[in-house]
Each structure stands twice: as structure tokens, then as C-alpha cells.
Amino acid sequence: MKKPEDWKLVCIGCGAAAETELPDSTCRQCGDLLEIRLSRGVDRKSLFETKGPGIWRFVGALPFSADIEPVSLGEGGTPLVRAERLASKVGLRDLYAKNDGQNPTGSFKDRGISVAVTRARTLGSKALVCASTGNTAASLAAYAARAGMNAVVVVPRARVASGKLGQAFAYGARVFGIDGNFDQALATVFDLVRKDSRFYLMNSVNPFRIEGQKITAFEIYEQLGRVPDFVVLPVGNAGNISAIWKGFKELRSGGVTDSQPKMIGVQAEGAAPLAKAALSGEPFRPLKDPQTVASAIRIGNPVSWRKALKAIGESEGRAVTVSDEEIMKAKESLAQDEGILVEAASAAPFAALAKLKLPQDARVVCIATGNGLKDLHDHGGNQRIETASGSDAIVDAIGDWH
Ligand code: F0G
């Protein structure tokens, strides 16, 4: 006989238990999002005594039995890099970048996608679908290939970084473009999974995605040797802030830690419906036409808005907005002061540091969510090459180093 599961799916709105996340990962009673509750608690021993690569060493905190064969490409276990030069520019002493751009397909999405594809395989799904601003598409395409499944991604036709699209094609996904933004792409995907049960939904409404992404909290705690005072990250569809907060909460409720970080969600000025609600105290209202240079977070109707506002509220954190100009300046500074190349969305938390005025001695972790190699068009490429007729020309052109 099959062992009863030691986790359950619960609605975050009305608290009703759900049998399954199928088809659209929302509650049959009230339509709100589902989350996974483990009945086994996490404790220090089960979490940190097993070593090994990536997220799957924490299988004790995931909704699977210990003998699960994961669909994995070695996701997680990314470096926590101290950023001293950047820290001194923004008046901090202890600043770190959790470099999730070093995941297998170059973004934090791999953590959650690995877990959700593993779940899809246990359900016998054959086709995986997501809406995406690019990174989820790339990640889903790779893990579907790894699992021998079909991948379908729906993207806003304009403004997806070409590197991300290229990844999706390279891994063999079918890519559909819509003449609209991410919010309309996600509505299309919801429609699709409700109509056609062959498709398994892979956006971060899927609570298995959140389980994979919560592991970031465990890694930060272990790498830092303590809970940071602040975790600062970009917010788009609002899955990652919800996930990382869930991870820190589980560490605390399992008695592993006795404190928690304040979660700071950063949005671009032109795409900030969540920050607007958090800052004004007014009810959340979706934004019709979000605009920002940070295409990954160009989202007006974040599906996990309620979870994200809870994360900010419960942790006594904040939301903040940054301009496109501030984002691009931070991206350059992160690359040139620290050697970390991120995409625009991932520079948003670093841009926010200048205006957050956090206490000088605070331990601050910014999540560098995605690798800048996917989106290099801002840097000018060939046009910026300087002409050198020989070595003397190079010496002349450079002059004195400052
Ligand atoms: N940073 C990057 C690089 C992203 O790609 C995303 C989201 C976020 C931050 C925001 O994370 O949605 O969990 O709040 N990208 C999605 C995608 C929407 O389709 O790749 P979130």
C-alpha cells in the first residue's frame, strides 16, 4: 500500500485543504493560492547534517520521501559573495550577494522548476507549461528536456531578452508569443490548463515551485552562519519573496533559528503595484501597463501579491521602488566594483540600497536573481571596440591609470 503523504496542500485564503494542485494551483473553494505544509518539522539535524550539492540535500524539508529521484541539473548551492566596495558606497559594512545567476540555466528559477518538474513526473504529466518574461521559460525548457517531457512557454512577444529566448529554443521548447505583457500571457496559460488536462502548470502559483525556492533561505543561513538582518530582492510575480520568507519561517518554527530577517521587496517605478500597496497601505490594485527596462519584472498583476504582502508585513520589512536609471547604474557598479554581472531586474535590490538607509552595521543579503550573460545588448558590443594598430597605440590610448 502507498504510504500516506506527510504534507498537505492548504489554501492561504480560507484554510481549506486541497487534494491536489491540479489544474491551476488555486483553491476550489475561494480561488486563492495554495501552499504546502509539511507535517514533519524541520530541525537542524535533518537539514544541515547531510552534505551534498544543491537543493536536494534538503530533501528532508521538501514534500517528497527521501528516496525520490529528482529531476536535477545541480541547482542551488550558489555562492554568497561579500561585496565590500559596493557596501562602502552605500554606507554598509556587511553586504552580500547571493549569486543565483550561477544556477544551471542562469537564474533562481532552476530551484523551483527542479522541484515542480519532479512533482510533475510523479503525477505522470507529459507536458509542462508556463508564462514567462524569459527566465522561467529557459529553466522550464531545460528541466523538461532533462525529464524527457514536452515544454510549452508563452511569452510577451516584445521585450523578452534574446538570450533567454535562445535558451528556450535550444532546449527544444515550443515558444508562443502574445501581443500583450506577462500578465496576459499568464491569463492565457491559466485558461489553457483549465481547458486541457494534459498540461501541468509551472508558474510560481504552483506551490512546488515555492518549496524549491525556499531552500535559498537555508543556504543563506548556513553560508552566513546566522540569519541576516535584511534580505533584499526584486519582486515581479512575487513568488520568490514568498518562498524565501517561507524558508526562514520554517527555520524558526523548527527551532533551528530564533530570529528572522526583514524582507525588502524592490520593484521598478513603472511596474510597482505591490510596492504601491505596501507603501500606501491601500488595497492592492493591479497595474494595467507596467513599464521598465528590467523586462524580467515588467509585471502589473503579480499572482502571489497576497503572499508577498504577508512576507513584508510579518517580517516587518518594506517595499521600495527604484528608477530604471538607478537600476542600470547599480548593474554597472555590481559588475565593475565586484565582478558580478547580473541582468537589470537583479540589479534592482542593489539600486535600492542607496535609498533604504539601512543601519551601517546591518547584515544585508541581496539576491542576485539572474545572470547578466543573457542580456548583454545594453553594453554596446562591437561599436565600443577601440581600434589598435599595434601595442604602442594601446599604451597611448590608455595613458595613465588613475
Ligand atoms: N529576477 C529575475 C531575474 C526574474 O526573472 C524574475 C521573474 C524576478 C526577479 C522576480 O521574481 O516573479 O518570483 O517575484 N521572472 C519571471 C519569469 C516572471 O518568467 O522568468 P518573482
Side-chain angles (χ1 to χ4, degrees), residues 100-101 105-109 130-140 153-168 175-190 202-205 209 232-242 265-279 284-305 308 319-331 342-352 367-378:
D100 256 8
T105 76
S107 84
F108 72 95
K109 306 284 179 180
C130 73
S132 181
T133 54
N135 281 320
T136 307
S139 181
L140 172 59
V153 306
V154 183
V155 297
R157 192 178 276 285
R159 304 279 299 270
V160 174
S162 60
K164 299 175 188 176
L165 272 183
Q167 285 181 288
V175 180
F176 293 87
I178 60 151
D179 292 321
N181 58 32
F182 171 84
D183 304 303
Q184 283 119 30
L186 185 58
T188 305
V189 164
F190 268 122
M202 291 291 290
N203 281 97
S204 59
V205 283
R209 283 275 311 274
V232 192
L233 75 165
V235 173
N237 213 19
N240 210 30
I241 189 168
S242 315
V266 186
Q267 294 202 295
E269 269 170 11
L274 211 115
K276 199 168 163 217
L279 287 166
F284 169 80
R285 290 237 311 276
L287 179 72
K288 260 221 163 62
D289 187 22
Q291 293 296 343
T292 167
V293 66
S295 60
I297 52 171
R298 192 164 158 239
I299 294 176
N301 191 11
V303 73
S304 295
W305 67 268
V320 61
T321 62
V322 286
S323 69
D324 281 357
E325 203 187 330
E326 288 165 337
I327 288 175
M328 296 317 284
K329 231 177 89 194
K331 178 169 154 39
V342 296
E343 64 167 274
S346 315
F350 298 91
I367 313 291
T369 49
N371 198 313
L373 287 173
K374 293 171 182 236
D375 193 1
L376 287 172
H377 73 273
D378 302 318

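Index from 1, following the sequence. Small disclaimer: the values here were computed from a predicted structure and weren't measured.
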Any donor-acceptor pair under 3.5 Å linking the side chain of [X] with the backbone of [Y]?
X: Ser132; Y: Ala137; result: yes
X: Ser346; Y: Val342; result: no
X: Arg157; Y: Ile178; result: no

Next on the checklist: Do Lys288 and Asn301 pair up side chain to side chain, a donor and an acceptor below 3.5 Å, judged on atom types alone?
Outcome noted: no

Next on the checklist: We want to know whether Thr292 and Asp324 form a side-chain donor-acceptor pair, criterion being a heavy-atom distance below 3.5 angstrom.
Outcome noted: yes

Heavy-atom side-chain contact between [X] and [Y] under 4.5 Å:
X: Arg209; Y: Lys109; answer: yes
X: Asn203; Y: Val189; answer: yes
X: Phe284; Y: Pro302; answer: yes
X: Val153; Y: Leu140; answer: yes
X: Trp305; Y: Val235; answer: no
X: Ser107; Y: Thr369; answer: no
X: Pro273; Y: Gln267; answer: yes
X: Met328; Y: Val293; answer: yes

Checklist entry - Yes or no on side-chain contact (heavy atoms from CB on, under 4.5 Å) for Val266 and Val232, after CA distance, side-chain angles and deciding distance? => result CA-CA 7 Å; Val266 186; Val232 192; 3.6 Å; yes

Rounded to the nearest 0.5 Å, how far apart are [atom1] of [X] and [atom2] of [Y]?
X: Thr133; Y: Phe182; atom1: OG1; atom2: CZ; answer: 6.5 Å
X: Asn237; Y: Thr136; atom1: CG; atom2: OG1; answer: 8.0 Å
X: Phe108; Y: Ile367; atom1: CZ; atom2: CD1; answer: 9.5 Å
X: Cys130; Y: Leu186; atom1: SG; atom2: CG; answer: 9.5 Å
X: Arg159; Y: Ser295; atom1: CZ; atom2: OG; answer: 6.5 Å
X: Thr105; Y: Asn371; atom1: OG1; atom2: CG; answer: 9.5 Å

Nearest heavy-atom neighbours spanning [X] and [Y]:
X: Gly300; Y: Asp183; answer: N-OD2, 2.8 Å
X: Ile327; Y: Ala268; answer: CD1-CB, 4.1 Å
X: Asp375; Y: Lys331; answer: O-NZ, 4.0 Å
X: Ala238; Y: Leu274; answer: CB-CD1, 4.3 Å
X: Ala330; Y: Ala347; answer: CB-O, 3.7 Å
X: Ala308; Y: Ser242; answer: N-OG, 3.6 Å

Item to check | Chi angles and distances behind the side-chain contact (heavy atoms from CB on, under 4.5 Å) call for Phe176, Val155 | outcome: CA-CA 6 Å; Phe176 293 87; Val155 297; over 6 Å; no

Next on the checklist: Under the rule for salt bridge (charged side-chain N to carboxylate O under 4.0 Å, His left out), what residues qualify as partners of Lys164, not counting sequence neighbours?
Outcome noted: Glu343

Next on the checklist: Walk me through whether Asp289 and Gln291 qualify under side-chain contact (heavy atoms from CB on, under 4.5 Å).
Outcome noted: CA-CA 6 Å; Asp289 187 22; Gln291 293 296 343; 3.1 Å; yes

Checklist entry - Does atom CD of Glu325 have more than 12 heavy-atom neighbours from other groups under 6.0 Å away? => result no

